[in-house]
Amino acid sequence: LMQAAKSLFTYPRYWAECYGTAPFLPMSRREMDELGWDSCDIIIISGDAYVDHPSFGMAVIGRLLESQGFRVGIIAQPDWHNANDFQKLGKPNLFFAVSAGNMDSMINRYTADLKIRHDDAYTPNNEGGKRPDRAVLVYTQRCRQAYKDVPVLIGGIEASLRRIAHYDYWSNKVRRSVLMDAKADLLVYGNAERAVVEVAHRVAAGQTMKDIRDVRGTACLLHELPGDWEVKDSTRIDQPGKVDPLYNPYQWEQTNEALEAPCAKGDGGDSPADAQVVHIRPAAGSKKQFVSLPSYEKVSKDPVLYAHTSRVLHLETNPSNARTLVQKHGDRYLWMNPPPVPLSTEELDDVFELPFQRVPHPAYGDARIPAYEMIRFSVNIMRGCFGGCSFCSITEHEGRVIQSRSEDSILREVEKIRDMTPGFTGTISDLGGPTANMYMLNCVSEEIHQNCRRLSCVFPTICKNLVTDHSPTTRLYRRARELPGIKRIMIASGLRYDLAVLDPEYVKELVSHHVGGYLKIAPEHTESAPLSKMMKPGMGTYDQFKDMFDRFSKEAGKEQYLIPYFIAAHPGTRDEDMLSLAFWLKNNGFRADQVQNFYPSPMAMATTMYHTEKDPIHRVNYKTEKVFIPKGEKQRRLHKAFLRYHDPDNWPLLREALKNMGKAHLIGYGKKHLVPPTQPANHPTAKLNSADNKTGRRKAKPGGTRAKAGRGKILTQHTGLPPRSGTAAAKGKARKGTKTKTTK
């Protein structure tokens, strides 16, 4: 069972606390001299520009370590071509802490179609190319070259999502754990405050980082396994068996309390909810236990074993009952401790109220950092996501347990934005997090939660043990908009509408006061086959939410529109599914501005499907039916084209596909047709259809068919990534030409 961890702020402070709090964590020797430092205790290496704001991981970790008494320096976006930049702050007394930044460096650099991006929202002036591919590996190597005897700790999103053997979309192969390739001393995964603080104090006390192997939320490499642990073999293609009590690494808090309440089962026979229920019945004196995963060598060659490993990994993510996982890599063992104990509300408040300046480091001058521009007037109110969407990596990184800040702490941050942030005009751009409306939503019972092994609290149905009362969020919104100097509180984070419809009062509050004309939600698809692989609800819930949204907007006297996002080429999606989605878009008057193909990010369950053609949401074996995977440039282009059925550039591809599908009757000029048979007269490809153009038929218009009156208005980009500068999602409004005129 998960035991209470030592509080973040109860460690004895390191002796260097006498130097006090730095205005900004130093990025140069000159700043260190001004602070009176002769050296840094810890140096953070990051692929992002340094913004001293709680939405940026390096700032959070840096300020937290500073609060523990350590002198922390930052080397942001160093020149990685040699070790010179890695030496500019001198040799750290304790260790280097390496992160690729707030995004995986490969996702940051390449599109879903493997084309190079030429911008980077986390870099001054949006300049691309300021971080290397596989930044964690490169930065760690340069740290070793700079000071070969200094320990290196790796963490952040890139290390977190590559902590075990994983399919790598960019090389199209299974790669080893990043810890093996980087040759770092220790890896921290997830929200790493607890692990980083404990590791820092233990290293400061004289312990060797390579000898630290019992901290939750960390992974290390061993040459041999401990003999006093029981091995749970998972190499059979079957679900893990009975869960035994867990060894508690926090010895000062150890208890042995038996639990009786079982976790409620979901509806249906072999549903994911049913398959994941395991009753925990601790027995006195039981052994410490780890789960032995198939080795890197096996999962790299056997797709079924890879899918099985992915399933086991995701079943072992509840901090209350997860066990240590071990995966052999060659002659060494990757030892991955259970996930970190979530922060309490009080701890989370303290972390977010560290002395952040809330602006970029002065070294950047007037340079614009788009990622900062997006969040400088926003407040993060919670962490985690229990949605478990298979294509999303939030759950793998932050976990399923919702960690919420107190209302008072959030309101104090709103006041800081009002009083400290340059350019503030009275509008808070967002009160949110990974999901806008999961604030304070957790299991109704801690005992039930400790027994639960579901992959999602809301799929295939919403768990009856999940608290769905949105009144804390509603109360927070109301208190925030009553603060002096605050004109508007907007909600820009994604909304889980299947939860929202269960609390009409919340929807009314949201729609009446916190929507700036458009509200983004993510049905992702309309058809059951891909939705079942995405672990998303059906469109009936979307229709229910839209009815409530329209009704409350009308009551408030506002003209407001939903912006639904969709993913093309997701595992389980056939051409016929995209055709049905295209007609849904047309019938509802939506014209997509930009669309996104499925992006196989490391460790996501949908990425496992993409690689193995197996579905790890359910049990897998060699006889399990294959999942259809839309692969290849042409098919992925076709699926994107269905989402932009109105674009003449896509009509030739769609006409060819419809004929191949036996759907040529859908080519024409009527309301029941998807695309016209000819290109517009002024289109570059019009000459290809010159014979058709001479028939005297009414020519197709570049804009496609007119949307039905009173229906949806706009569809914008969905990337699964932070919106880029200039996109409709980033600006909160439609691009020119994407809004459909409506008559009433």
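We number each residue from 1, following the sequence as shown. Quick caveat, the model's predicted, so the values are computed rather than measured.
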- Query: Taking the side chain as C-beta and beyond, is there a heavy-atom pair between Arg358 and Val51 under 4.5 Å?
  - Reply: no
- Query: Counting N and O atoms only, with roles assigned by atom type, does the side chain of Asn437 sit under 3.5 Å from a partner on the main chain of Leu495, one being a donor and the other an acceptor?
  - Reply: no
- Task: Report the residues that fulfil salt bridge (Lys or Arg N to Asp or Glu O under 4.0 Å) with Arg142, sequence neighbours left out, ordered by chain and then residue number.
- Result: none
- Item | Arg194 and Glu198 ion-paired at < 4.0 Å | no
- Query: Does the Gln145 side chain pair with the main chain of Ala83, one donor and one acceptor, at a distance under 3.5 Å?
  - Reply: no
- Query: If only atom types and distance count, is the side chain of Lys520 paired as donor or acceptor with the main-chain N or O of Tyr565 below 3.5 Å?
  - Reply: no
Atom pairs and distances, side-chain donor-acceptor, residues 178-187, under 3.5 Å, sequence neighbours left out:
unit_1 : atom_1 : unit_2 : atom_2 : d
Asp181 : OD1    : Arg176 : NE     : 2.9
Asp181 : OD1    : Arg176 : NH2    : 2.7
Asp185 : OD2    : Arg144 : NH1    : 3.3
Asp185 : OD2    : Arg144 : NH2    : 2.9
Asp185 : OD2    : Val152 : N      : 2.7

- Under 3.5 Å, side chain of Gln357 to main-chain N/O of Asp52, donor-acceptor pair present? no
- Tell me, do Phe96 and Thr140 make a side-chain contact under 4.5 Å, heavy atoms counted? no
- Check the pair Val196, Leu153 against side chain to side chain contact (heavy atoms under 4.5 Å, CB included), reporting the backbone distance first and the verdict last. CA-CA 9 Å; Val196 168; Leu153 175 72; 4.3 Å; yes
- Message: Among residues at least two apart in sequence or on other chains, which ones pass ring pair (Phe, Tyr, Trp, His ring centres under 6.0 Å) with His361?
- Response: Phe24, Tyr50
- Query: Can you list the residues that meet the ring pair (Phe, Tyr, Trp, His ring centres under 6.0 Å) rule with Phe377, with sequence neighbours excluded?
  - Reply: Phe424
- Asn337 side chain vs Arg213 backbone, donor-acceptor pair below 3.5 Å: yes
- Glu482 and Arg478 ion-paired at < 4.0 Å: no
- Message: Test side-chain hydrogen bond (donor to acceptor under 3.5 Å, both in side chains) on Glu396 and Ser393; report intermediate values, then the result.
- Response: CA-CA 5 Å; Glu396 283 84 349; Ser393 297; 4.7 Å; no
- Query: How about Pro602 and Trp170: do any of their side-chain heavy atoms sit closer than 4.5 Å?
  - Reply: yes
- Message: Whether the side chain of Asn380 engages the backbone of Met382 through a donor-acceptor N/O pair (distance < 3.5 Å, no angle test) should be reported.
- Response: yes
- Sub-4.5 Å side-chain heavy-atom contact between Val515 and Leu510: yes
- Message: Quick one, Met336 with Ile164, criterion side chain to side chain contact (heavy atoms under 4.5 Å, CB included). Give me CA distance, side-chain angles, the key distance, then yes/no.
- Response: CA-CA 8 Å; Met336 191 169 71; Ile164 68 167; 3.9 Å; yes
- Crowding at NZ, Lys210 (>12 non-hydrogen neighbours, <6.0 Å): no
- Task: Quick one: list whatever passes ring pair (Phe, Tyr, Trp, His ring centres under 6.0 Å) with Tyr14, sequence neighbours left out.
- Result: Phe70
- Task: Taking only Lys NZ, Arg NE, NH1 and NH2, and the carboxylate oxygens of Asp or Glu, determine whether Arg383 and Glu193 approach each other closer than 4.0 Å.
- Result: yes
- Would you indicate whether the side-chain heavy atoms of Ile43 and Phe95 approach each other to under 4.5 Å? no
- Backbone of Ser105 reached by a side-chain donor or acceptor of Glu158 within 3.5 Å: yes
- Taking C-beta and beyond as the side chain, do Ser46 and Ile75 meet within less than 4.5 Å on heavy atoms? no
- With sequence neighbours excluded, tell me which residues meet side-chain contact (heavy atoms from CB on, under 4.5 Å) with Glu17. Arg13
- Pairwise side-chain contact, Gln77 with Glu127, heavy-atom cut-off 4.5 Å (strictly under): no
- Nearest-0.5 Å distance that lies between atom CD in Glu31 and atom CD1 in Ile74: 10.0 Å
- Item | Listed partners of Thr395 passing side-chain contact (heavy atoms from CB on, under 4.5 Å), at least two apart | Cys385, Arg400
- Message: Please enumerate all residues that pass side chain to side chain donor-acceptor pair (under 3.5 Å) together with His118, with sequence neighbours excluded.
- Response: none
- Item | Cation over ring face, Lys6 and Tyr11, 6.0 Å, 45° | yes
- Does Val215 offer a backbone N or O that forms a donor-acceptor pair with the side chain of Thr218 under 3.5 Å? yes
- Residue set satisfying side chain to side chain donor-acceptor pair (under 3.5 Å) with Glu415, at least two apart, ordered chain then number -> none
- Should the pair Asp48-Arg131 be classified as a salt bridge under the 4.0 Å nitrogen-to-oxygen rule? yes
- Ion pair Arg71/Glu66, N-O distance below 4.0 Å: no
- Listed by chain and number, what are the ring pair (Phe, Tyr, Trp, His ring centres under 6.0 Å) partners of Phe9, not counting sequence neighbours? none
- What orientation do Phe56 and Tyr122 show, parallel under 30°, tilted 30 to 60°, or perpendicular over 60°? perpendicular
- Short N-O contact, Asp214 and Arg202, less than 4.0 angstrom: yes
- Message: Just to verify, what does Arg475 make a side chain to side chain donor-acceptor pair (under 3.5 Å) with, not counting sequence neighbours?
- Response: Glu407
- Kindly indicate, with the supporting measurements, whether the criterion side chain to side chain contact (heavy atoms under 4.5 Å, CB included) is fulfilled by Leu343 and Asn191. CA-CA 9 Å; Leu343 298 186; Asn191 293 121; over 6 Å; no
- Whether Phe86 and Tyr139 hold their rings parallel, tilted or perpendicular, with breakpoints at 30° and 60°: tilted
- For Met440, does its backbone N or O pair with a side-chain atom of Ser404 as donor and acceptor, under 3.5 Å? yes
- Query: Mind checking what makes side chain to side chain donor-acceptor pair (under 3.5 Å) contact with Arg162, not counting sequence neighbours?
  - Reply: Asp104, His166, Asp168
- Message: Within a 6.0 Å radius of atom CG on Asp366, are there more than 12 heavy atoms belonging to other residues, nucleotides or ligands?
- Response: no
- Query: Between Tyr477 and His514, is the ring centre distance below 6.0 Å?
  - Reply: yes
- Arg479/Asp408 salt bridge by N-O under 4.0 Å criterion: yes
- Message: The test is side chain to side chain contact (heavy atoms under 4.5 Å, CB included); show your working for Asp133 and Val138 and say whether it passes.
- Response: CA-CA 8 Å; Asp133 290 353; Val138 177; over 6 Å; no
- Answer yes or no: is there a side-chain heavy-atom contact under 4.5 Å between Thr21 and Arg63? yes
- Message: Tell me whether Asn93 contacts the main-chain N or O of Ser39 through its side chain, where contact means a donor paired with an acceptor under 3.5 Å.
- Response: no
